[in-house]
Amino acid sequence: MVADVAPRRRPGYRRALRLRQEGRGAGRRETGDHPGASLSALEEPGREPRGQLPGQRSWANTPEAGRYTGGSTRIERGALMAEAVEKLTKKSEDPSRWYLDLVRMAKLADYGPVRGTFAIRPYGFAIWERIQRDLDDRFKATGHVNAYFPLLIPESFLNKEADHVEGFAPECAWVTMGGDNELEERLAIRPTSESIICEFYRGWIQSYRDLPLLINQWANVLRWEMVTRPFLRTSEFLWQEGHTVHATAGEAREETLRMLGVYRDVFYETLAIPVLTGVKSPSERFSGAVETYTCEGLMGDGRALQAATSHDLGQNFARAFDITFLDEQQERVHPYQTSWGFSTRTIGALILVHGDDRGLRLPPRLAPTEAVIVPIWRGKNKEDVRKEAEKLYVELQAAGFRMEVDLDEEHSPGWKFNEHELRGVPVRVEIGPKDIEKGQVVFVRRDTGEKEFVPRSGAKDRLRELLEEIQENMLAQATEFREANTRHAESYEEFQEIIAKKRGFVVAPWDGTEETEEKIKADTKATIRLLSSERQKGKDLVSGKPGEMAIFARAY
RNA sequence: CGGGACGUGGCGCAGUCUGGUAGCGCACUCGGCUGGGGGCCGAGUGGUCGCCGGUUCAAAUCCGGCCGUCCCGACCA
């Protein structure tokens with residue numbers, strides 16, 4: 001299982017010279033330790049040396065790895081001239097394999113040795129870093145500060161809130177040994193941090209003057225999962241969890257909704273994912289919460305994904321952990337709490353919502369690289385084209401764009417086109433001898449594949465516009481898809497047929513009972529994703545009793 | 001945990017039935033020609049055939065055991 005440590009060689013200088021820098025700021029790169037990356041660098045700063053690091057070739061390190069590539073090698077152009085080309089499985093043919101192929105081929109993540117563990121590779125992590133930065137800025141803007149709490153939680157803490165234990169104990173990983181000695185009390189590796197944080201909050205909160213307490217934590221958590229998929233469901237995942245404390249129920253509810261709104265904005269404005277927001281049914285509620293609000297996205301295959309949640313915890317945890325404060329009336333009372341989380345699962349949502357047969361499509365605001373320049377050269381004019389490409393790169397980079405120029409000499413332009421489309425770079429800029437002659441550059445947008453010729457002098461302005469257009473278009477496309485796949489069911493037969501044949505969101509009245517919810521789940525595998533905020537009335541399709549509109553779907 | 005399948009260079013596989021020189025494609029390395037949608041030619045590197053035991057002159061191949069992984073049926077950001 002251990003990777004053989006292949007001798008590592010530096011990439012030769014004839015090899016890829018690929019410059020990748022943060023557009024804004026002083027030459028900061030997303031992925032690592034090369035602050036001075038510049039045009040004169042002969043190494044390839046933004047790119048992994050191909051296949052040299054054990055960890056990076058390690059998709060192959062685990063025996064199961066092969067299972068995921070089985071369908072992706074195709075024999076083409078006849079049996080005699082058999083030529084195997086690794087191709088992305090078509091999304092429509094086998095969405096599940098397509099997803100796994102894409103994650104692997106775009107170098108987003110790689111399997112770990114323990115079930116459900118994954119390495120997030122530099123490109124995948126660069127995407128996470130952009131999400132992180134966006135969220136963090138918005139948390140700060142709404143008055144929150146960051147802190148960090150312990151990974152290990154004594155079992156007795158977890159046990160304090162009854163619903164909470166019930167929900168999380170079954171999927172906890174436990175530490176029972178310290179060195180060679182058995183521990184007196186076993187310790188959970190945090191599946192979420194409410195209990196350990198409450199333990200601290202008890203000591204930190206004494207007066208109404210200490211409230212509201214608005215803290216966020218960026219952390220990893222661990223949940224022992226049966227079935228795992230990269231990003232969508234992993235045992236260990238990264239997220240942020242906000243934990244706030246308020247003097248009144250009203251303030252707590254307001255905070256819960258405020259953060260739901262922040263998530264919603266990030267989904268719409270940055271990820272271009274038109275999530276629906278609303279309340280969870282009691283059975284889908286967070287263990288220990290009074291109310292759970294959710295952002296639900298509709299994936300390309302018609303299944304729903306819970307993308308982020310915001311919980312109103314009421315006084316449940318405050319009571320269980322004996323958190324009290326003296327209010328303005330000199331009375332000792334329990335405060336009201338909230339918690340809200342957004343995880344790396346979102347990267348999975350991004351892939352499922354926007355990806356296509358060519359690979360990933362990244363919304364510009366999220367893309368680590370907004371545009372990549374691919375020079376088209378021939379032997380005799382290689383140097384001229386290279387100089388022009390580098391000049392353009394410097395110019396656009398200086399204008400604030402996150403740019404990359406692909407000066408790799410080993411691959412053909414066609415190869416590079418495919419590669420950058422796979423990685424989802426929003427815009428490809430081509431520049432070749434013909435373009436130089438005509439004083440133009442070629443822009444090709446990833447979302448539609450459209451090609452346009454732009455005067456060199458107007459490149460900067462047009463790129464700015466184009467990125468905006470792509471961002472808008474991607475949200476529009478996803479919204480159109482969601483609307484086309486949201487249906488109202490008038491009868492239970494119709495409901496079942498839609499779920500079975502078309503998937504998507506189904507809007508139908510629900511009488512509010514667990515019985516009908518259970519029956520629907522047993523019959524169709526569909527669950528209530530959220531209760532519509534519009535509060536429309538209707539008659540439950542199963543029981544015939546009056547109820548309010550709910551959104552159903554099969555979920556990930 | 002019940003049912004099915006699989007384990008051979010980094011990856012995908014063939015070879016196993018019928019025991020006898022471990023093979024193909026991709027990737028990787030070197031050289032050259034190329035370059036506007038996954039180029040071509042040539043030369044190379046790389047494998048205790050999951051592990052343990054047995055049968056045999058001889059085991060990837062036959063027999064026994066073990067381990068691991070994947071797929072299908074009960075929980076979750």
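Note on naming: letters A, B, ... go to the chains in the order of the sequence lines (proteins, then strands), and numbering restarts at 1 for each one.
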Between B:G35 (P) and A:R378 (CZ): distance, integer Å: 5 Å
Given B:G35, B:G38, B:C75, the nucleotide with the shortest approach to the side chain of A:I376: B:G35
Pairwise C1' distance, B:C6 and B:A60 [rounded to whole Å]: 15 Å
Residues A:E291 and A:R285 bridged, charged N to O under 4.0 Å: yes
Inter-nucleotide C1' distance (B:C66, B:C28), Å rounded: 35 Å
A:W174 atom CH2, over 12 foreign heavy atoms within 6.0 Å: yes
C1'-based separation of B:A5 from B:G36 [nearest Å]: 47 Å
Those residues that, when tested against A:T294, pass side chain to side chain donor-acceptor pair (under 3.5 Å) (two or more places apart): A:E296
Salt-bridge criterion met for A:E388 and A:K391 (N-O under 4.0 Å): yes
Protein-nucleotide distance (A:E236, atom CD; B:C76, atom P), rounded to Å: 21 Å
Main-chain N/O of A:F149 paired with A:Q217 side-chain donor or acceptor, under 3.5 Å: yes
Under 5.5 Å and under 30°: A:W415 stacked on B:G37: no
Pairwise P distance, B:G19 and B:G15 [rounded to whole Å]: 15 Å
Touch class at under 4.0 angstrom, heavy-atom based, for A:T234 against every strand present: base
Touch class at under 4.0 angstrom, heavy-atom based, for A:P170 against every strand present: nothing
Counterpart residues, ring-ring contact (aromatic ring centres under 6.0 Å, His included), relative to A:F168 (two or more places apart): A:H164, A:F286
Short side-chain N/O contact to B:C76 OP1/OP2 from A:R223, under 4.0 Å: no
Base of B:G35 paired with side chain of A:K382 (donor-acceptor, under 3.5 Å): yes
Any donor-acceptor N/O pair under 3.5 Å between B:G37 base and A:E421 side chain: yes
Neighbours of RNA chain B within residues 427-450 of chain A, by heavy-atom distance under 4.0 Å: A:R428, A:E430, A:G432, A:P433, A:K434, A:D435, A:V442
For B:G38, the Watson-Crick or wobble counterpart (both distances under 3.5 Å): none
Out of B:G37, B:C75, B:C76, whichever nucleotide has its closest atom nearest the side chain of A:R345: B:C76
Note: A:E409-A:R386 ion pair, threshold 4.0 Å (strictly below): yes
Output a table of nitrogen or oxygen pairs between the protein and nucleotides 41-45 of chain B separated by less than 3.5 Å.
none

Counterpart base for B:U55, defined by Watson-Crick or G-U wobble contacts under 3.5 Å: none
Touch class at under 4.0 angstrom, heavy-atom based, for A:E241 against every strand present: nothing
Salt-bridge contact A:K387-A:E390 (side-chain N to carboxylate O under 4.0 Å): no
Spacing of A:E171 atom CD relative to B:C76 atom P, expressed in whole Å: 7 Å
B:G35 phosphate, OP1 or OP2, under 4.0 Å from A:S412 side-chain N/O: no
Value rounded to 0.5 Å, distance of CG in A:L360 from CD1 in A:I127: 5.5 Å
C1'-based separation of B:U34 from B:G42 [nearest Å]: 15 Å
B:U21 - base-pair partner by Watson-Crick or wobble geometry, distances under 3.5 Å: none
B:C49 and B:C24, which share atom name C1', separated by this distance in whole Å: 16 Å
B:C6 - base-pair partner by Watson-Crick or wobble geometry, distances under 3.5 Å: B:G68
Base paired to B:A74 (Watson-Crick or G-U; both N/O distances under 3.5 angstrom): none
Nearest-Å distance once atom P is located in both B:G73 and B:G23: 42 Å
Complementary nucleotide for B:G44 - Watson-Crick or wobble, under 3.5 Å: B:C28
Counterpart residues, side chain to side chain donor-acceptor pair (under 3.5 Å), relative to A:Q240 (two or more places apart): A:N216, A:Y263
Pairwise C1' distance for B:C51 and B:U69, with rounding to whole Å: 14 Å
Given B:C75, B:G35, B:A77, the nucleotide with the shortest approach to the side chain of A:P413: B:G35
Between B:A77 (P) and A:H311 (NE2): distance, integer Å: 7 Å
Closest-nucleotide 5' rank along RNA chain B - winner of A:K525 and A:R358: A:R358
With sequence neighbours excluded, residues passing side-chain contact (heavy atoms from CB on, under 4.5 Å) with A:V165: A:N159, A:A169
Matching residue for A:R428 among A:E421, A:E450, A:E452 - test: salt bridge (Lys or Arg N to Asp or Glu O under 4.0 Å): A:E421
